[in-house]
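Because the structure is predicted, anything quoted here is derived from the model rather than measured. Read the numbers this way: they start at 1 and go in the same order the structure lists the ligands and their atoms.
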Amino acid sequence: MSVKILMVCLGNICRSPLAEGILASKLPKDKFTVDSAGTGSWHIGHSPDERSIAVAKKNKISISNQKGRQFSKTDFDAFDYIYVMDNSNYEDVIQLAENQQQKEKVELILNELFPNEKVDVPDPYFGLPNGFEIVHNMLDEVCEIIAKKLIAKHT
Ligand code: 4NP
């Protein structure tokens, strides 16, 4: 059975689609499934932001077939690991949890790189164009750590 990992941000068009594509590229497909979702509903059914598609493509990852969806309570049981991009995503997701086991699945993604420091992956949506490059590099670094951990634990 596949180990399931969910990446969550606010819109599901900038950060979490990139995180999904990057982590999926580092894991064997037969053992792991990676998906993403947004806490907000604005971009349901939308493709990722073109700036995320471009920075992924530059790094040989295709995310253009992804479609935005909203995080739902059913995701707590459908996924084994839920990584959120920032502290506000963390609050939004934790509020929907119904028990301790569900809460324990949720982790701020950069805590894997900077334990307990609660560092955000900044939202690049309204920022400078190179914000997407910065977000890509942060996610690439942390996904390398996450992939190693998951492979060691589950294969
Ligand atoms: P994301 O960025 O959470 O990284 O996908 C955002 C994209 C769109 C919006 C907010 C954040 N929005 O408000 O439309």
Side-chain angles (χ1 to χ4, degrees), residues 3-27 32-98 102-147 149-150:
V3 177
K4 299 193 170 62
I5 304 108
L6 183 66
M7 299 296 194
V8 179
C9 64
L10 178 59
N12 192 211
I13 55 166
C14 297
R15 292 166 293 176
S16 60
L18 256 182
E20 174 188 335
I22 292 168
L23 185 63
S25 78
K26 297 178 189 292
L27 292 172
F32 297 92
T33 306
V34 190
D35 191 11
S36 65
T39 55
S41 60
W42 311 284
H43 299 291
I44 293 171
H46 295 184
S47 297
D49 188 287
E50 60 186 28
R51 296 163 294 178
S52 282
I53 293 176
V55 77
K57 194 172 173 189
K58 202 172 136 185
N59 290 279
K60 304 189 164 42
I61 291 170
S62 172
I63 62 166
S64 57
N65 289 334
Q66 293 184 27
K67 289 283 177 265
R69 74 167 178 90
Q70 189 170 23
F71 181 83
S72 124
K73 277 185 182 191
T74 59
D75 289 321
F76 285 115
D77 294 326
F79 289 87
D80 303 297
Y81 298 89
I82 298 170
Y83 287 109
V84 296
M85 299 298 123
D86 66 30
N87 282 276
S88 105
N89 308 148
Y90 185 85
E91 293 306 323
D92 291 342
V93 170
I94 285 292
Q95 285 216 343
L96 296 171
E98 279 164 348
Q102 293 185 344
K103 287 182 185 169
E104 282 168 8
K105 289 186 180 183
V106 188
E107 178 66 282
L108 188 64
I109 192 165
L110 288 182
N111 274 352
E112 298 285 348
L113 187 57
F114 309 113
N116 304 315
E117 302 227 346
K118 298 190 174 178
V119 180
D120 288 340
V121 177
D123 189 341
Y125 189 59
F126 294 110
L128 298 169
N130 76 345
F132 285 76
E133 192 89 39
I134 292 166
V135 164
H136 170 275
N137 294 346
M138 282 177 163
L139 290 174
D140 190 57
E141 193 175 346
V142 74
C143 284
E144 191 68 32
I145 293 170
I146 292 170
K149 227 164 118 168
L150 289 172

| query | Who passes side-chain hydrogen bond (donor to acceptor under 3.5 Å, both in side chains) against D80, sequence neighbours left out? | reply | none
| With sequence neighbours left out, what residues match K58 under side-chain hydrogen bond (donor to acceptor under 3.5 Å, both in side chains)? | E133
| message | Below 30° counts as parallel, above 60° as perpendicular, anything between as tilted: where do the rings of Y83 and Y81 land? | response | parallel
| query | For ligand 1, what is the set of protein residues having any non-hydrogen atom at a distance below 4.0 Å? | reply | C9, L10, G11, N12, I13, C14, R15, W42, H43, D123, Y125
| message | Looking at D75 and R69, is there a salt bridge between them, counting it only when a charged N and a carboxylate O are closer than 4.0 Å? | response | yes
| message | Does K67 have more than 12 heavy atoms from other residues, nucleotides or ligands lying within 6.0 Å of its NZ? | response | yes
| salt bridge (Lys or Arg N to Asp or Glu O under 4.0 Å) contacts touching residues 104-113 (sequence neighbours left out) | E112-K149
